[in-house]
Engineer: 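There's a structure below that I have some questions on.
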Amino acid sequence: MPDTLTKFIFGRLTWESLPLHEPIVVATFIAVALGGIALLGVITYFKLWTYLWREWFTSVDHKKIGIMYMVLGLVMLLRGFSDAIMMRLQQAIAFNGSEGYLNSHHYDQIFTAHGVIMIFFVAMPFVTGLMNFVVPLQIGARDVSFPFLNNFSFWMTVGGAILVMASLFVGEFARTGWLAYPPLSGIGYSPDVGVDYYIWALQVAGVGTTLSGINLICTIIKMRAPGMTMMRMPVFTWTSLCTNVLIVASFPVLTAVLSLLALDRYVGTNFFTNDFGGNPMMYVNLIWIWGHPEVYILILPLFGVFSEVTSTFSGKRLFGYTSMVYATVVITILSYLVWLHHFFTMGSGASVNSFFGITTMIISIPTGAKIFNWLFTMYRGRIRFELPMMWTVAFMLTFTVGGMTGVLLAVPPADFVLHNSLFLIAHFHNVIIGGVLFGLFAGIAYWWPKAFGFKLDPFWGKVSFWCWVVGFWFAFMPLYILGLMGVTRRMRVFDDPSLQIWFVIAAFGAVLIACGIAAFLIQIFVSIRRREALADPTGDPWDGRTLEWSTSSPPPAYNFAFTPVIRDNDAWWDMKQAGYIRPLAGFKPIHMPSNTGTGIILAAFSVALGFGLIWYIWWLAALSFVCLIATAIGHTFNYHRDFHIPAAEVTRTEKARTTLLAAQG
């Protein structure tokens, strides 16, 4: 085949693009391929394709989409954590002249992929999934405002994850760090496809995240049950609202800055070079104007989870509801006024550094107020140390340490010493693991019975809990010490043998965390096996306080047969205290949105478009773009977007629940 035709068909894609010279990558590919074949074989053998397509992949039910987000987050957690284990092992053995087992080229890809995957494809899907599942139930809605958009948002996030995973086996990933600073991410220093994978994976996933944010804001503002004023919304709904406001305000900035970087790389503009009026520091400003609100996008929903859990398992109304709401809103606003503390060393001058140092310290005040609200809620409460409450207490201890080190880093002179050191890595993981991941595990344990109708096995949950908590302290406290000793991050080999013991301790902590993840997977497996013994027929296993516990577990497709009327913050608790009796007659047909496959088709074309742009396969990019536009236009002519659940079916569903509740006495 002539070279010109080959280049037209395959662009930059050649046999050399396959990393066959990397034995670790080849072994991983074989393992993933065998696992994928086995999974496809099981689905085919049990004839599950039709079921999955009809009930899950094309579903617009917010509950199913929320669960699929969580599954995506769990799958990507395994990939992201495997990168972390590889880094820890490399750093533990690369002493006394040893080069370790990872070359610099591979190691740089691993730490970049670890950061990107953990933030964009683990934490974000987990958080979005939790909000998707819980918020409509908490506000008494039957679904989100735009059900199709919800499905499309999910599949775009999956599309971004697919592109990141493809980089492992076809080409390579960026070697720039998770924020891809120029000039390192420019075409001069990174002429390969790594940065292009980074750009297009995040652009595809970013579309999904932005649309999901718009959807949830509209849902919370417009679809609350009668009587649920803003100041009667559950705290988790409040934190979700503020989170999605931040998403809609900040993710377009990420889209813009990555578009400008793509223009620099593809058409030779100079936005982020030192030539022709460009400035690399403008990229750093823009990426952190997105990046710092992103940290609060991750943590705010989990503050809501801890509020729900603390109130429920203390058997008390949340202390200081109004102050909790105001603290959330203040954090939302201030999160936009602190971005420059990520680069105090850039040389902005004392005035700018002082302003951002002060705003960073101020943002710790509403966060600290939340901690005291949770403590006062627990004070004199009848605390039940179920698994969600254990995660909450562990969070309060761990997050406080992370917060104090954050205030230390907010002091510019201290930051000049600690900037780019392992102290910074320890602080970041302290708040993300101690805050976000501990909160996610609390939320999963808390709402699992609502989603699936049975509780999670407590024994394996506690094994996972203790492995995670102890493993975290072993894994990251040594990094604080190493950072204070001046050890910089992203190092692959070390000269000073006295440092090795700290890296070995950190690697031991990472192994304990791996045991925690394994125990979590075992917990899910055991819980499914024992689901009859762990069943929750009441729909209210924790004696909950908010509206989602008033429905069956799992809830019916329509969530509520009748729209509830709200009179209190703790709507379900108020209804129970008032002697609420479920209506047993008078059901009407319920209007519901129809399933659609358009979301997954649009996402597939987006992945093909991204792949074509990454490898300069221009015909594929052009064809995918045309198909994308045509499919979107075609979907506007789909007039079969809704249906009615007959009153007889609603009656049958509600009668079945009545029988089940009667059997429980």
Side-chain angles (χ1 to χ4, degrees), residues 130-131 133-142 216-217 219-243 300-301 303-329 369-370 372-384 386 388-389 392 442-443 446-447 449-450 536 538-553 555 558-584 657 661:
L130 214 54
M131 293 190 295
F133 184 89
V134 176
V135 165
L137 290 169
Q138 280 200 335
I139 64 173
R142 291 208 165 112
L216 283 165
I217 290 173
T219 302
I220 295 169
I221 296 296
K222 300 297 290 183
M223 297 185 70
R224 301 190 307 278
M228 184 177 281
T229 61
M230 295 292 279
M231 293 307 288
R232 283 183 184 167
M233 293 196 314
V235 174
F236 180 77
T237 301
W238 258 112
T239 56
S240 298
L241 175 61
C242 290
T243 296
L300 276 176
F303 285 168
V305 171
F306 295 127
S307 298
E308 304 292 349
V309 167
T310 305
S311 178
T312 297
F313 291 101
S314 299
K316 285 176 62 183
R317 182 183 292 275
L318 184 70
F319 179 89
Y321 169 88
T322 305
S323 64
M324 192 68 95
V325 170
Y326 286 138
T328 304
V329 174
K370 286 176 175 286
F372 283 109
N373 280 3
W374 294 319
L375 285 171
F376 286 133
T377 303
M378 294 163 67
Y379 179 64
R380 291 193 172 179
R382 298 181 64 85
I383 301 174
R384 293 171 284 153
E386 299 276 2
M389 194 65 186
T392 301
Y446 184 58
W447 280 300
K450 179 52 56 182
D536 162 41
T538 65
D540 187 13
W542 312 119
D543 195 16
R545 307 180 73 85
T546 44
L547 211 52
E548 72 270 27
W549 302 110
S550 67
T551 66
S552 60
S553 295
Y558 49 80
N559 291 350
F560 302 93
F562 291 103
T563 302
V565 177
I566 309 304
R567 302 183 306 173
D568 191 77
N569 295 347
D570 293 338
W572 177 230
W573 185 261
D574 173 66
M575 290 160 77
K576 287 189 286 190
Q577 297 301 107
Y580 169 76
I581 299 172
R582 287 180 61 247
L584 304 176
R657 189 181 180 211
L661 290 172

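Everything numeric here is computed off the predicted structure, so don't read it as measured data.
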Engineer: If the condition is ring pair (Phe, Tyr, Trp, His ring centres under 6.0 Å), which residues does F562 pass it with, not counting sequence neighbours?
Structural biologist: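 Partners of F562 by the ring pair (Phe, Tyr, Trp, His ring centres under 6.0 Å) criterion, ordered by chain and then number, come out as F587.
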
Engineer: Considering all heavy atoms of both residues, which atom of T392 and which atom of A442 are nearest to each other, and what is their separation?
Structural biologist: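 Residues T392 and A442, closest heavy atoms: OG1-CB, 4.4 Å.
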
Engineer: When you measure from the side chain of S314 to the backbone of I383, do you find a donor-acceptor pair of N or O atoms at a distance under 3.5 Å?
Structural biologist: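 No; zero donor-acceptor contacts below 3.5 Å.
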
Engineer: Between CE of M389 and CE of M378, what distance do you get to the nearest 0.5 Å?
Structural biologist: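 It comes to 4.0 Å.
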
Engineer: What is the distance from atom CH2 of W572 to atom OH of Y580, rounded to the nearest 0.5 Å?
Structural biologist: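 Nearest 0.5 Å value for the CH2-OH distance: 6.0 Å.
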
Engineer: With sequence neighbours left out, write down each residue that passes side-chain contact (heavy atoms from CB on, under 4.5 Å) with S553, or none if nothing qualifies.
Structural biologist: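 K450, D536.
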
Engineer: Say you draw a straight line from CG of L241 to CG of L216; how long is it, rounded to the nearest 0.5 Å?
Structural biologist: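 It comes to 9.5 Å.
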
Engineer: If you count heavy atoms of other groups shown closer than 6.0 angstrom to CZ of R567, is the number above 12?
Structural biologist: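 Atom CZ in R567 is not crowded, with 12 or fewer foreign heavy atoms closer than 6.0 Å.
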
Engineer: Identify the two heavy atoms, one from F313 and one from P388, that lie closest to each other, and give their separation to 0.1 Å.
Structural biologist: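 Shortest heavy-atom separation between F313 and P388 comes out as CE1-CB, 3.8 Å.
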
Engineer: Ignoring hydrogens and geometry, is there a side-chain-to-backbone donor-acceptor pair from W238 to M230 under 3.5 Å?
Structural biologist: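 Yes, W238 side chain to M230 backbone: donor-acceptor pair under 3.5 Å.
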
Engineer: When you measure from the side chain of T551 to the backbone N and O of E548, does any donor-acceptor pair fall under 3.5 Å?
Structural biologist: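 Between the backbone of E548 and the side chain of T551 there is a qualifying donor-acceptor contact (under 3.5 Å).
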
Engineer: The criterion is side-chain contact (heavy atoms from CB on, under 4.5 Å); which residues satisfy it with M324, sequence neighbours excluded?
Structural biologist: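 Checked M324 against side-chain contact (heavy atoms from CB on, under 4.5 Å); matches are V235, S307, L318, K370, N373, W374.
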
Engineer: Just to verify, what does Y321 make a ring pair (Phe, Tyr, Trp, His ring centres under 6.0 Å) with, not counting sequence neighbours?
Structural biologist: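 With neighbours one apart ignored, the set is empty.
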
Engineer: For residues T328 and C242, report the shortest heavy-atom separation together with the two atoms involved.
Structural biologist: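 So the two residues come closest at CG2-SG, 3.6 Å.
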
Engineer: Which heavy atom of G304 sits nearest a heavy atom of T239, and at what distance?
Structural biologist: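 Where G304 meets T239 most closely, the heavy atoms are CA-OG1, 3.5 Å.
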
Engineer: Restricting to non-hydrogen atoms, name the atom on A225 and the atom on P564 that form the minimum distance, rounded to 0.1 Å.
Structural biologist: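 That closest heavy-atom pairing would be CB-O, 3.3 Å.
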
Engineer: Give a yes or no answer on whether the side chain of R384 reaches the backbone of T312 with a donor-acceptor pair at less than 3.5 Å.
Structural biologist: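 Checked: pair present.
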
Engineer: Among all residues two or more places apart in sequence or in another chain, which pass the ring pair (Phe, Tyr, Trp, His ring centres under 6.0 Å) test with Y326?
Structural biologist: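 Y326: no ring pair (Phe, Tyr, Trp, His ring centres under 6.0 Å) contacts found.
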
Engineer: Would you compute the distance between atom CE of M228 and atom CD1 of I220 and round it to the nearest 0.5 angstrom?
Structural biologist: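 That separation rounds to 10.5 Å.
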
Engineer: Looking at R582 and L661, what are the two nearest heavy atoms and their distance?
Structural biologist: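 Answer, listing the atom of R582 first, then L661: CD-CD1, 3.8 Å.
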
Engineer: Does R232 pair with D574 as a salt bridge, N-O distance under 4.0 Å?
Structural biologist: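 Salt bridge: no.
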
Engineer: Quick check against the 3.5 Å criterion: does K576 have a side-chain atom that pairs as donor or acceptor with the backbone of R545?
Structural biologist: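 No; judged by distance alone, with no hydrogens or angles, the pair does not exist.
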
Engineer: For a ring pair (Phe, Tyr, Trp, His ring centres under 6.0 Å) with Y446, tell me which candidate from F133, F306, W549 qualifies.
Structural biologist: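 When F133, F306, W549 are each tested with Y446, the ring pair (Phe, Tyr, Trp, His ring centres under 6.0 Å) holds only for W549.
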
Engineer: Report the distance from atom CZ of R142 to atom OG1 of T563, rounding to the nearest 0.5 Å.
Structural biologist: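 Nearest 0.5 Å value for the CZ-OG1 distance: 4.5 Å.
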
Engineer: Strictly distance-based, threshold 3.5 Å: is any side-chain N or O of T237 a donor or acceptor partner for the main-chain N or O of V135?
Structural biologist: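 Between the backbone of V135 and the side chain of T237 there is no qualifying donor-acceptor contact (under 3.5 Å).
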
Engineer: Measure the OG-CZ distance between S552 and F560 for me, rounded to the nearest 0.5 Å.
Structural biologist: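 That separation rounds to 10.0 Å.
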
Engineer: Should E308 and P234 count as side-chain neighbours, where that means a heavy-atom distance under 4.5 Å?
Structural biologist: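 The answer is yes; the side chains approach within 4.5 Å.
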
Engineer: Sequence neighbours excluded, which residues qualify as ring pair (Phe, Tyr, Trp, His ring centres under 6.0 Å) partners of F236?
Structural biologist: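 By the ring pair (Phe, Tyr, Trp, His ring centres under 6.0 Å) rule, F236 matches W447.
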
